[in-house]
Protein chains: 2
Amino acid sequence: MNGKSTTTRTKLERGRSALGPALELVHTGRAPTRAVLTSELGVTRATAGAVAAELEALGLIRVDSSPGSAAGSQGRPSHRLAVRDSGPVALAAQVHADGFRAALVGLGGRIVATAPGCVAVMADPAQVLGEVVEAGAELLRDSGLRCVGAGLAVPSAVAEPEGTALNPMHLAWPAGAPVREIFSARVRAAGISGPAFTGNDVNLAALAEHRHGAGRGAQHLLCVATGHRGVGGALVLDGRLHSGSSGLALEVGHLTVNPEGRPCHCGGRGCLDVETDPLAFLTAAHREPGPEESLLKQSGDLLRTEYGDPCVRAAAEELIDRLGLGLAGLVNILNPDRIILGGLHRDLLEADPERLRAVVADRSLWGRSGSVPILSCSLDHNSLVGAAELAWQPVLDDPLAALA
Amino acid sequence: MNGKSTTTRTKLERGRSALGPALELVHTGRAPTRAVLTSELGVTRATAGAVAAELEALGLIRVDSSPGSAAGSQGRPSHRLAVRDSGPVALAAQVHADGFRAALVGLGGRIVATAPGCVAVMADPAQVLGEVVEAGAELLRDSGLRCVGAGLAVPSAVAEPEGTALNPMHLAWPAGAPVREIFSARVRAAGISGPAFTGNDVNLAALAEHRHGAGRGAQHLLCVATGHRGVGGALVLDGRLHSGSSGLALEVGHLTVNPEGRPCHCGGRGCLDVETDPLAFLTAAHREPGPEESLLKQSGDLLRTEYGDPCVRAAAEELIDRLGLGLAGLVNILNPDRIILGGLHRDLLEADPERLRAVVADRSLWGRSGSVPILSCSLDHNSLVGAAELAWQPVLDDPLAALA
DNA sequence: CGCAGTTTGTTCAGTTGCGGCACAAAGCGA
DNA sequence: TCGCTTTGTGCCGCAACTGAACAAACTGCG
C-alpha cells in the first residue's frame, strides 16, 4: 500500500513476450492464419512466424503448411493455425443441484471427454469433490493426455482470497465451506498435475461465452442466468472476469424489481431472485412445481410448448418485465455493450425478445446504453468450459513458464 | 470483431518500456527513492538508474543526489525522486453550476496556478468553454511552462466516443452538446499544445482521489458524490477509470432507495438523485432552500453547525439511511474495496459515520463485502486534478512518444 | 578513529527479443 | 507465361535489459 514495499514485483519476464497473446488469439479463434496473427499482435512477419513455430514446438497449436489449405483472395495463401487435437487438456469439474460433471477441455474450449455422475450424500462437500475429481482422474488416465491444471464451478459465490462457498443454496452444503481448499487437496491427492482453481458457475459461464460463445468480441459483457433457484450475474471486462475485491461482485439476486413483491430471505421485497427464477414462473403460471432439481427444465418446457396458454403467457410477460427492470438497473450502473442470458432468462428472452428489449430500453436512462444487444447463451456446458479457462489461464499468460 | 481485421494494432513500442510505469510510480508518490523504484518495477538497479536518468533528462522528475537528503536505516541512502517543480503542466478546466475554473496542474497532482471565473450567458457551451480556455491560456502564458495537453470536467455524463454531454442538468446547456469537440477546437485555436480530453466531473474526481488522495492503493474504488443537485458515481478499477462501453457507467442517480419516495423525472420513485441531494436534505430539514448554486454549501453548513437541532438531525439520518441503501446496492453489484464520498454525501458521512457504515453493512449480502471502508474525499479541486490526469495520461503511458 | 556490515549507485560486457530488409514462395488474373 | 499481390524466411543490427563486479555512502561497534 504505502511507502516502501519489499515485495519483489512482477519481474518483466524474459522470453518471447508475444507468446501468451499469440496463444490467446488462437485459443479464442481470432487468429485463424499466421497473417492475421501478424497484424493482431502488431509485430513483423518474422516475429509472428517465430512465435507460431514456438507454440507448435510446445505442442499447443498446429500450423497447417499444406498448400491449397487456404482459399480466398489474391496473394500467397497464409498457413492456417489451429489448436492441436491431441494437445494438453484442462480438467474441468462442475457441481450442481443434482450431481456433478467432469470433463477434459482442450484449447479453444473443445470438450474432449465428459463424465456425469451423482453422489449419495450431497451434504458433504469433501465427498462430492472427491468423487468428481476421481471421475476426472479416470478420464485423464483413459485419454493419456497431459493436464495443465484443474478448474471447478460451483453454484455459489466464492469468497476471495479464501475460496469459500458463501451461499451454496441449491446444494446441501454448509455456508462457508472451503471448497477451493478441498478441491485443491483432492486434485493433488489424485496425482493430477498443475494448479487447481475454483469459481462461481455463472462467472465461469460468462468467461466461456466471452471467449468461445455469444460474448466473443464484447468489451463489457454482462451475463445473467438462473439455475433451478435464484439468479446469478457476471461481468467480463476487457477479457478478464470482474469478480470484485473479494469475489462477490455481480451478486445481483437481490436487486429490487418489484417494490410490492413477495418478501425475500434477504429482508427486502421483490428481489430479482424470488421474482424471476423458475419457481416464481411456475407459481405465476399456476402450475404445480415439480422436484427442485427439475424446476428449470419444467419451466423451459412450459415456455416452449404452451406459450399459447394465456396463463403461461401472462406469467412469462410478468417475469420478462421484472427481468427487464433488473437488467435496466444493471445497464445504468455497468453500461455493458452486450448482455447474455442463461437458464430460464434465456427461455424468457427467446419467448418474446422484443418485449424484453423494449423494457430494458425504456427503463435505461439514455437511449443508446439501453439498446444494448441481448443474446442467448450459445455454448453447451459453458460453466464447465469456463472452469477449464481458469486452469488454462496460466498457460495463456505465459506458455513457457506454465509448461516448464 | 470477427475474422480477419486489417487494423494495424498497437505496435509494441520500442524505447524503454519501463519508462511509463516508472513515471507513474513517481507521479502517484509510490516511488520516493530509486531503490523503491527498482523493486516496484522489478528490474535491476542498472535499469532503474537509467530510467530515472532518462526521466530527469526529459525534464519530468528531479533526482536529488545531494548527500544526507535521505535519513533512515542502514546502508547507503537512496537518492530521492520527486516530480520537477518547473516541469511541464497540464491545463485543467472545470465547468460547474456557477461558473468555471481553470488551472495548471503538474505531475503529482500539484496545482501550480488557478483562475476562477464566471460568464454572463451560461446557456451557450461554446461561449463558456471559450472563456475557460482563454483563462487557461493566460495562465500558461504567465507561467511560461510547457503544456502537455488539456482536460475538461463537466457535470454531465459524457457519451463515448462522441464526447457529447447527455444530461448537463445544472448547466443551462442543451442535452447532447458536443462538449469534447467544442473544447478541442477552442484549445487548438488558443494555440495550446497537446491533445484535449473531456470527462464527467465525478469520474475525474474519482480518478484524482485514486492517484493522489483518499483512494490511493485501492484496487476497486467506488466514488459517489453530490453537486448542488443530483448524484454521480464513478468506479476506478486497477488504476483505470471504468466508464462503461459508452461512457455511461455508474450513472447511479436513479437507483431506487425509497419505494414510497417522491417521483423522479426518470419515471421512477424515490431515486437516489431526488432522495439524497442537497435540495432533498434542506426540504427534509424544513429549511428554505437558497439559490441553486449555493445549495451544497447551505446544506453542508447546516449539517456542521446545527446538527444539534432535532429537525436537522432527523433529516440527516433519513438521508444517511437512504444513501446507505444505495451504497449497499452498489456494493452488492461492484464489491469495491473502498468507497469515497464527496459533496453532501461527504458531509453526511462526517456527521454520523457509524450510522452510515452500519446501514451499508446491514444491507449488504455477505458480511465482509459490506464492511468496506467508507472515506471522505481528501483533495481540493479533485475534479480539476482529475481533468489534468486525462491530459497527463499519454505522457504516463509513453513519455518519449508523448513529449516528442 | 577505524573497520565490518549493509544498502545503493555505476560501469561494462553479454544476451536476446524484435524491427527492418531482402528475397523466395505461392496463389490470382490477363 | 508474365506481372501483381500477399505471405513466409533468413540475416543483420539495434537497443533494452540482465548479471556481475566494483565503488560509494551511511550505521554501528569496539
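Convention: sequence-line order gives letters A, B, ...; per-chain numbering from 1.
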- Under 3.5 Å, is there a donor-acceptor pair between the N382(B) and E209(B) side chains?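 Judged by distance alone, the side chains do pair up.
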
For nucleotides 10-13 of chain C, which of its nitrogen or oxygen atoms have a protein nitrogen or oxygen under 3.5 Å away, and what is each distance?
from    : atom 1 : to     : atom 2 : distance (Å)
dT10(C) : OP2    : R34(B) : NH1    : 3.1
dT10(C) : OP2    : R34(B) : NH2    : 2.6

- Between dT8(C) and T33(B), is there an OP1 or OP2 to side-chain N/O distance shorter than 4.0 Å?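 Answer is no, no contact under 4.0 Å.
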
- Looking at S17(B), does any N or O in its side chain come under 4.0 Å of the phosphate oxygens OP1/OP2 on dA16(D)? no

- Query: Are the side chain of N335(A) and the backbone of S246(B) linked by a donor-acceptor contact shorter than 3.5 Å?
  - Reply: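 Indeed, once roles are kept as given, a pair shorter than 3.5 Å links the two residues.
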
- Query: What pairs with H381(B) under ring-ring contact (aromatic ring centres under 6.0 Å, His included), at least two apart in sequence or on another chain?
  - Reply: none

- Query: Mapping G75(B) and T47(B) onto DNA chain D by nearest heavy atom, which one lands closer to the 5' end?
  - Reply: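 Comparing both residues, the 5'-ward one is T47(B).
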
Take atom [atom1] of [X] and atom [atom2] of [N], then tell me their distance rounded to the nearest Å.
X       : N       : atom1 : atom2 : answer
E40(A)  : dT7(D)  : CD    : P     : 13 Å
R80(B)  : dC26(D) : CZ    : P     : 14 Å
L41(B)  : dG9(C)  : CG    : C1'   : 16 Å
L400(B) : dA15(D) : CG    : P     : 12 Å
D64(B)  : dT8(C)  : CG    : P     : 16 Å
D398(A) : dG17(C) : CG    : P     : 12 Å

- Non-hydrogen side-chain atoms of R80(B) and T33(B) separated by less than 4.5 Å: yes

- L400(A) side chain reached by L58(A) side chain, heavy atoms, under 4.5 Å: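 L58(A) reaches L400(A) side chain to side chain.
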
- Residues forming a side-chain contact (heavy atoms from CB on, under 4.5 Å) with H27(A), sequence neighbours excluded: L107(A), R211(A), H212(A), E389(A), L396(A)

